[in-house]
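Below is one structure, written out as structure tokens; comments come after it.
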Amino acid sequence: MHILLMGPPGAGKGTQAERLVKEFGIAHISTGDMFRAAVKEGTELGKKAQACMQAGQLVPDDVTIGIVRERLSKDDCKKGFILDGFPRTVEQAEALDNILRELHLSLKAAVNIDVPEELLIERAVGRRICKKCGSTYNIKFKKPVHEGICDVCGGELYQRADDSEATMKNRLAVFHKQTEPLIAYYQNNGLYKKIDGTKSVDAVFDEIKAALQ
Ligand code: AMP
């Protein structure tokens with residue numbers, strides 16, 4: 001199974017990707033997570049990505065395509081994969097088609113989790129993540145039992161630097177301009193599946209599974 005998950009920032013791609021990975025036993029490839037790890041480690045890639053991420057802009061296509069190409073050649077991808085947050089531009093989508101062709105693979109679906117803008121801002125600005133285990137919370141919609149503390153492992157919760165309201169507005173503008181054209185791209189090749197992302201996590205998950213039948 002080879003799937004891609006698209007959708008605006010705050011649509012719940014990461015949450016749904018985690019569930020799909022468990023359900024289908026496939027690899028989770030999140031370019032956002034890869035960039036965040038590189039920033040934390042202070043690598044050359046991290047240095048290139050950090051300024052773009054903080055401004056809510058996309059990391060340049062050549063850099064992003066390079067890391068995905070390398071990642072897809074790893075052994076764990078042989079069991080299938082979900083691409084979470086890639087592609088985000090038409091150039092990336094075209095590059096992905098080439099990479100898949102070289103690997104003799106084809107996509108099952110391009111799933112778009114659709115959520116209206118006001119809700120996206122509320123979700124992203126309220127998002128909190130555990131420093132230790134990565135579990136996600138929301139100060140409005142999914143509060144931890146004790147403020148600032150992870151229910152799962154007791155770790156400290158933090159807010160992503162790019163989840164501020166100002167950066168979020170930039171990320172949404174970037175999404176409309178650079179990523180929305182992908183809807184037509186995947187409609188044209190028959191892979192596009194639109195999912196109502198306003199529903200509960202469980203309901204969205206069920207809808208995605210039904211779309212993958
Ligand atoms: P995410 O965690 O998917 O919301 O990504 C966080 C940030 O990482 C984005 O706002 C971009 O700056 C960068 N990023 C993630 N995926 C991509 C991509 N496919 N192309 C360019 N930049 C990306």
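Just so you know, residue 1 is the first one in the sequence shown, and it goes up from there. The structure displayed is predicted, hence computed values, not measured ones. Whatever order the structure lists ligands and atoms in, that order sets their numbers, starting from 1.
- Looking from atom 22 (N) of ligand 1 to the surrounding protein, the closest heavy atom is Val59 N, 3.0 Å.
- Only backbone heavy atoms of Gln57 (N, CA, C or O) come within less than 4.0 Å of ligand 1; its side chain stays farther off.
- Residues Phe175 and Leu120 are not in side-chain contact: their nearest non-hydrogen atoms beyond the backbone lie 4.5 Å or more apart.
- Using a 4.5 Å heavy-atom threshold, the side chains of Leu157 and Cys150 count as touching.
- Close approach to Arg160 involves these atoms of ligand 1, each under 4.0 Å from a residue heavy atom: 1 (P), 2 (O), 4 (O), 6 (C).
- Residue Arg36 has at least one heavy-atom neighbour below 4.0 Å for each of these atoms of ligand 1: 2 (O), 6 (C).
- Considering only heavy atoms from C-beta on, Phe141 stays 4.5 Å or farther from Val201 through its side chain.
- Counting only heavy atoms of the protein, atom 16 (N) of ligand 1 lies nearest to Thr31 OG1, 2.8 Å.
- Between Leu72 and Leu96, the closest side-chain pair of non-hydrogen atoms falls below 4.5 Å.
- Close approach to Gln92 involves these atoms of ligand 1, each under 4.0 Å from a residue heavy atom: 18 (C), 19 (N), 20 (N), 21 (C).
- Taking atom 23 (C) of ligand 1 as the reference point, the nearest protein heavy-atom neighbour is Phe35 CE1, 3.7 Å.
- Under the 4.5 Å side-chain heavy-atom criterion for ILVMFWY residues, a single connected hydrophobic cluster contains both Leu4 and Val90.
- For the pair Glu18 and Lys22, the salt-bridge criterion is not met [side-chain N within less than 4.0 Å of a carboxylate O].
- For ligand 1, none of its N or O atoms has an N or O atom of Pro87 under 3.5 Å away.
- Contacts of Thr64 with ligand 1, taken as heavy-atom pairs under 4.0 Å, involve the side chain alone.
- Atoms of ligand 1 lying under 4.0 Å from at least one heavy atom of Arg171, given by number and element, are 4 (O), 10 (O).
- Between Asp163 and Arg123, none of the side-chain N atoms (NZ, or NE/NH1/NH2) sits under 4.0 Å from a carboxylate O, so this pair counts as no salt bridge.
- The N/O atoms of Cys52, backbone and side chain alike, include none that comes under 3.5 Å of an N/O atom in ligand 1.
- With Glu156 contributing its side chain and Gly148 its backbone, the two residues share no donor-acceptor pair below 3.5 Å.
- Across Lys13, Arg88, Gln50, heavy-atom proximity to atom 3 (O) of ligand 1 is greatest for Arg88.
- Side-chain contact check for Phe24 versus Leu212: some heavy-atom pair is nearer than 4.5 Å.
- Applying the 4.0 Å criterion to heavy atoms of Leu58 picks out, from ligand 1, the atoms 21 (C), 22 (N).
- Contacts with ligand 1 closer than 4.0 Å are made by no heavy atom of Met6, backbone or side chain.
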